[in-house]
Amino acid sequence: MRKLARLVGAVLLLGACLQMSGCWDMVEVSRASLMTGLALEPGHNGRILVTLEVLNSAETMSFEGGKGGSPSQLYSNEADTIVEAMIRMNEHLDRMLIPSHIRVIIVDERIAREGLDRFMDFVQRSRYVREDVTLLVSRGTKASDMLRVAYPDGMYAGFGIQSQVFNYHNNWGGVPDSFMYEVAQSAFSPGKELLLGAVTLDKKSDKEESVENSKKLDPQTLVRIAGSAAFRENRLIGFLSKEDTRMVLLVTNQLKRTTVSFPLDGQGKYAAIRLIRCHTSKKVQMIEGRPLISINVEAAGLVASMDDNLAIDKIHGYEQLDRLASEHLKESLTATIGKVQKQYKVDVFGFGEHLYRHRYHEFMPVSKEWNEQFAKAKVVVQVSVRIERSELKSRNQTQNKVVN
Amino acid sequence: MATYRFRQDRIENELRAHFGSSADLSLIPIRLADRDGLLCFLSTMTNSTFLMNNVVQPLLQASYREILFDSAEALDSLRLRLFGGLNTRLLEDPGHLPEWMTQGYAGLLLDGQDRMLLIHVQELEKRSIAEPTAQNVIRGPKEAFTESADTNMSMIRRRILNENLRFEKHVIGSKSNTSVYLAYLEGEADERLLNPIREKLRSARLTGLFDSGGLENELQSNRFYLFPTTYNSERPDSICSCLLDKRVALIVNGSPFVLIIPAQFTDFFKSPEDQYQWFVFGTFIRLLRYVAFLFSLTLPAFYVAVTCYHQELVPTLLLTSIMAQRQGIPFPAVVEMFLMEITFELLREAGTRMPRLVGQSISIAGALVLGEAAVQAGIVSNITVIIVALTAISGYVSPVYTFGANIRLFRFALIVLSSVIGLYGVILGCAYLLIHLTRIETFGVPYLSPLSRFSGKRSA
Amino acid sequence: MESKLTGLQLYAMMLVFLLGTSIIYGTPRLVPDSWLIDIAAIVPYLLLTGIYLALFWTGCDRNLYELLVAAWGKHFGKLFALGYSVYFLYIASRNLRDMVELILTALLRNTPSFVIVLAFVGIVAYAACGGIIALGRLSILIAGMVLFFFVVLTCLLYFSDSIDLERVLPFLSEGLGAVAGASLRSSIWFPYGEVLVFLAFGSSLGGAKTLRKIGLFSLLSATAILSFSNLLQTSVLGIENMKYSVFALLDAARLINIENFITRMDALVAFIIIFGVIVKSAIFLYASAKGAEFLFGSDWRGFAPSLALLIGALSIKVSRNNAEHVSEGLVYAIYWLHIPFQLAIPLATLLLLRLRLNHKEA
Amino acid sequence: MAAIGTLVLASLSFALLVLFDTLVYRQSFFVSVKRMFLDDAYFNRSAWTLLVSALLLSCWYDLRERPFGQRLSARLFGRRKDTRWNRN
């Protein structure tokens with residue numbers, strides 16, 4: 001009896017294969033190439049110009065047989081939707097394109113101002129584009145120029161830009177990690193507006209970009225991180241500086257490690273503190289129709305450098321340094337929040353989301369015009385920096401006189 | 001009819017007719033007192049010195065002593081007084097004489113007697129007990145079974161000094177009459193298991209049986225099982241541990257591999273060495289074997305599925321290096337994988353079939369030269385060679401050699417499936433394997449039985 | 001000749017059965033706190049399974065179809081038995097369609113659904129032909145795999161710190177009533193009501209007492225796992241994001257990213273779901289084959305392969321697009337199929353049997 | 001009997017599908033019957049092949065019950081008593 005079922009499985013499986021022969025999803029890897037970067041710019045009469053960075057895997061660093069050619073080539077195409085533009089790349093590209101390894105998507109400032117919705121749907125719907133793709137806004141230059149930057153020893157632009165943003169975010173925090181995932185999060189969660197990283201290009205000379213001059217001592221063109229871009233309802237409304245972005249990350253608990261330098265006593269003497277862990281606890285409540293936001297920042301750090309010879313081998317030295325650091329941080333934080341409130345009137349800090357999560361019934365009536373509420377909110381900031389150690393030396397070596 | 005009187009000359013002619021001109025037939029006429037007698041035996045099956053000292057000498061000396069050779073009870077007295085210590089037997093029907101002679105018996109005939117005396121003088125050259133070749137271990141006994149069933153049984157009896165240990169003799173093979181011994185512990189092995197095996201041995205339709213392997217197919221209730229349902233081993237200590245574990249052993253005369261019925265899936269991953277070491281290390285190694293089994297089964301199929309169908313499942317850097325290597329490879333991944341798998345099978349087969357001295361050089365040279373040259377010539381990519389080598393090595397991790405053979409077959413099936421419908425095919429292949437494993441039953445004991453001990457009678 | 005299922009096998013089978021397809025779509029997200037729906041509806045589930053247990057206890061080891069004939073007499077009994085067989089086929093084809101949708105979205109894109117359905121149906125037929133005992137052993141392995149899978153998924157998500165319990169708030173934003181309503185409306189029938197299928201196995205379930213103890217235990221653990229899975233998805237994706245994602249668990253698994261090497265875990269999710277659906281479809285196929293055997297006489301093994309192919313054909317035709325598939329399941333299937341077959345008929349049969357029992361004793 | 005059983009079950013389940021189509025699309029019974037069985041024949045081909053093979057399989061299973069069927073299946077798949085394989 002069991003032979004019957006086994007026979008059924010085998011015969012029909014074979015029958016099916018013969019009936020529709022061919023492997024439908026087969027993509028021969030050696031005849032295909034990877035898409036590693038995507039740049040979006042406005043094209044003629046309302047269409048989108050899509051520039052793709054296509055990887056030439058033989059040249060990448062992982063293959064020593066490369067002949068020194070550029071690891072990636074740029075191809076661009078114009079169409080009404082992004083998908084069509086990407087698929088029609090084969091008009092002038094011989095290989096099959098694999099879309100699943102895109103590392104960075106750069107949106108031109110002009111498109112971002114009109115709104116991201118136009119292209120976000122494809123990116124979220126497709127199973128090929130991963131959630132951890134870096135989404136950036138180009139500031140002041142065309143988006144496709146970003147992908148033209150050459151990197152030494154076989155590194156392609158897509159990978160280079162992503163690791164640049166990643167390292168800058170982890171070490172100093174001047175740019176949000178701006179994953180694709182955050183676009184979906186902010187679009188859905190009420191009371192938090194989108195904040196994406198912004199990049200720009202500083203070109204020393206307008207010579208045509210090539211791999212050779214990327215090997216020179218001071219490379220001509222470099223991708224520079226230009227802070228972050230604030231959005232309202234998925235429309236770009238302005239850019240924040242790197243310092244302001246760091247403060248926004250501090251408030252939203254995304255700041256990993258950073259270095260704060262603050263004046264000691266006004267005569268141009270500065271101290272630098274390396275903050276290892278920072279945590280912010282927020283409390284948002286509506287007091288007679290006006291949101292009261294109280295922020296409590298705690299940070300642990302260590303002394304990185306100190307121009308003045310503070311007595312940090314004594315307890316009062318540490319307390320003085322703590323106090324100075326806390327005050328400086330508090331000023332810059334309140335300044336940033338005030339600036340965002342006045343200049344952009346958009347809640348990139350996520351206070352609205354916090355109110356929505358914790359006081360649902362207070363938030364719902366104001367949910368429609370939360371940004372205006374945020375603009376006139378009263379903010380109370382309280383910072384306590386705790387400096388734990390001063391690494392190898394306790395006092396400032398250079399200024400120690402034997403007899404003072 | 002009147003009792004048949006043995007006549008020396010008539011028997012002689014009968015035997016000559018029966019055995020034809022075979023060189024090892026020896027017929028020695030002897031004269032006892034005043035009676036003619038005949039000593040007939042096969043020289044290849046008997047130990048001639050033993051025969052001379054223990055049978056012929058006493059006979060000659062006895063002939064002038066008082067034993068009366070013409071009385072009816074002459075043979076009985078001879079049997080008791082002269083050949084007391086030997087294994088003797090009386091035979092009435094001359095027709096069976098050739099059959100007993102082939103089993104190592106020497107026939108002693110006196111004229112006019114109505115019976116014949118058969119003396120067991122079988123003594124065959126045996127290979128001495130050597131080290132195991134297939135399943136050797138570092139820590140643990142180094143004894144291995146030999147071809148002769150008697151030494152094998154003595155090795156088992158030596159280890160299990162228990163009076164309940166039984167060895168049942170069965171004869172199998174219509175032409176070869178090989179003796180098969182069913183070894184089990186009374187009270188331990190379950191009757192529900194023993195009876196079907198006995199019945200199966202009786203009803204075996206084999207004409208000849210020269211190794212326990214031939215018996216395996218016979219015992220397997222369904223020929224389409226992908227996995228071996230009988231465990232075989234040439235190490236007495238693993239056989240004894242199975243016997244204590246309520247199982248039955250089958251010792252085939254002439255084969256160093258003893259069978260264990262019923263076998264479970266986990267037996268093929270147990271090496272006796274695991275018990276003799278620190279148990280934590282033992283379990284770790286056993287886990288490693290399971291992982292290696294999975295590796296050798298699914299790795300090539302998974303590689304083909306991932307590189308050809310689901311590129312998005314591979315981290316970017318890994319995929320870039322794969323693509324870089326595969327530039328300019330003429331074959332698609334599937335054909336390349338098949339080519340390499342078949343070359344490895346070829347190498348393995350050549351390595352084992354080649355005589356020992358030449359064998360080593362072939363397998364090493366083959367693997368290196370072929371692999372390297374193929375990559376240099378750009379026919380095969382490096383990563384495929386790595387994957388195929390890894391799967392080939394992890395295929396031999398199971399202590400039982402025959403288990404490895406089944407994996408290799410199924411690996412090809414998985415590669416085909418993954419080339420048609422990608423990872424979905426691999427997943428369904430593994431599902432089929434899993435379902436197949438849960439359905440295999442040997443004599444009522446499910447194959448994955450540690451999960452459920454005897455689950456009642458055999459389900460329909 | 002049908003031997004009994006051991007306790008562990010029965011527990012594993014019910015657990016995998018309950019988790020089978022509900023992992024793919026998760027409980028229907030009608031209410032923000034979807035992870036509460038399962039917990040809130042425990043009481044109704046227990047009532048429903050109570051009916052089945054009472055039915056099984058009064059029927060003393062006879063399977064569903066015999067009970068129907070015993071209660072309703074020959075003609076009506078056969079009619080209801082036919083109805084149940086078709087009902088099981090329909091649910092099996094819906095499960096198959098769920099899985100095919102997942103495969104076509106997550107793994108293969110251009111493969112015609114005919115090939116996927118055919119390969120799957122071959123495997124399910126082979127699994128069902130092994131009989132209930134082999135299915136029991138198989139589901140022990142698969143239950144182990146599913147539990148292991150959830151542990152691994154949670155650890156990976158935790159280490160790639162994409163779990164943020166803040167996203168679970170606001171808690172009960174629309175109040176407890178909405179949650180209870182949603183659970184009554186949709187969740188009680190879809191994964192839990194289908195436990196009725198086990199009645200069709202009759203004698204091989206191993207007695208009413210063990211069934212009650214084990215059934216209860218597996219029901220509770222299934223609820224726990226399901227609500228844990230929903231909680232995991234909510235804490236990773238957030239309530240709103242989850243509402244519009246077709247395969248919530250798949251989206252959650254895509255967020256795993258440890259050192260940019262252990263990423264892209266879609267295959268892991270697909271692997272587990274396929275195994276779960278194999279067991280569930282095999283159980284449904286076995287039940288409807290038993291029904292066909294009861295109605296048409298010839299041995300159930302003859303029916304299993306052809307009914308499996310029939311399920312394949314149905315799953316291709318069951319709905320034209322995804323929206324119809326979901327809406328059909330949530331609204332129409334419940335009122336036209338689940339409520340009558342899972343509540344009305346069993347209750348009526350129970351009452352009739354009790355009446356006949358008292359009548360006979362009196 | 002297996003063939004008749006499969007046929008009855010198949011027709012009833014397809015009737016159920018048609019019922020659901022009428023409910024979901026709020027169209028008359030006959031329209032949904034036409035849409036189910038007659039429209040877009042190319043895509044329905046796979047469903048009909050599965051359905052037909054199901055019915056054929058149950059007929060084959062019925063055939064095996066009858067003596068003629070047993071002889072036929074023994075010749076096709078049956079295991080010849082002393083196959084060359086065993087007589088080594």
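Residue numbering restarts at 1 for every chain, and letters A, B, ... go by the order of the sequence lines.
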Counting only non-hydrogen atoms closer than 4.5 Å, does C:Leu295 touch chain D with its backbone (N, CA, C, O), its side chain (CB onward), both, or neither?
neither

D:Leu16 vs C:Tyr87 side-chain heavy atoms within contact, under 4.5 Å
no

Roughly how far, to the nearest 0.5 Å, is CD1 of D:Ile4 from OG of C:Ser298?
9.5 Å

Whatever's closer than 4.5 Å to a heavy atom in chain D on C:Val121 counts as neither

Might you work through the side chain to side chain contact (heavy atoms under 4.5 Å, CB included) test for D:Leu17 and C:Tyr90, ending with a clear yes or no?
CA-CA 8 Å; D:Leu17 291 195; C:Tyr90 176 71; 3.6 Å; yes

From CA spacing to verdict: side chain to side chain contact (heavy atoms under 4.5 Å, CB included), C:Glu328, D:Asp21:
CA-CA 9 Å; C:Glu328 198 174 286; D:Asp21 274 359; 4.2 Å; yes

Heavy atoms of other groups near D:Phe43 CZ, more than 12 under 6.0 Å:
no

Interatomic spacing from CG in D:Asp39 to CZ in C:Arg320 - rounded to 0.5 Å:
7.0 Å

Minimal non-hydrogen separation, D:Leu9 against C:Ser85, with atom names
CD2-CB, 3.7 Å

Proximity breakdown for D:Leu19 and chain C, heavy-atom pairs closer than 4.5 Å
side chain

Distance from D:Leu50 atom CG to C:Leu314 atom CG, nearest 0.5 Å?
9.5 Å

Using a cut-off of 6.0 Å, state whether more than 12 heavy atoms not belonging to D:Phe37 lie near its atom CZ.
yes

Can you measure from CG (C:Leu310) to CG (D:Leu51) and round to the nearest 0.5 angstrom?
6.5 Å

Side chain from CB out, backbone as N, CA, C, O: work out which of these in C:Phe303 comes under 4.5 Å of a heavy atom of chain D, or both, or neither.
side chain

Can you find a pair of side-chain heavy atoms, one from C:Glu324 and one from D:Tyr25, that are under 4.5 Å apart?
yes

Do C:Val318 and D:Phe20 pass the side chain to side chain contact (heavy atoms under 4.5 Å, CB included) test, and can you show the C-alpha distance, the side-chain angles, and the key distance before you say yes or no?
CA-CA 9 Å; C:Val318 76; D:Phe20 271 119; over 6 Å; no

Could you tell me the separation between the OG atom of D:Ser46 and the CD1 atom of C:Ile316, rounded to the nearest 0.5 Å?
4.0 Å

Donor-acceptor contact present, side-chain C:Lys317 to main-chain D:Phe14, <3.5 Å
no

About how many Å separate CG of C:Leu82 and CG of D:Leu12, when rounded to the nearest 0.5 Å?
5.0 Å

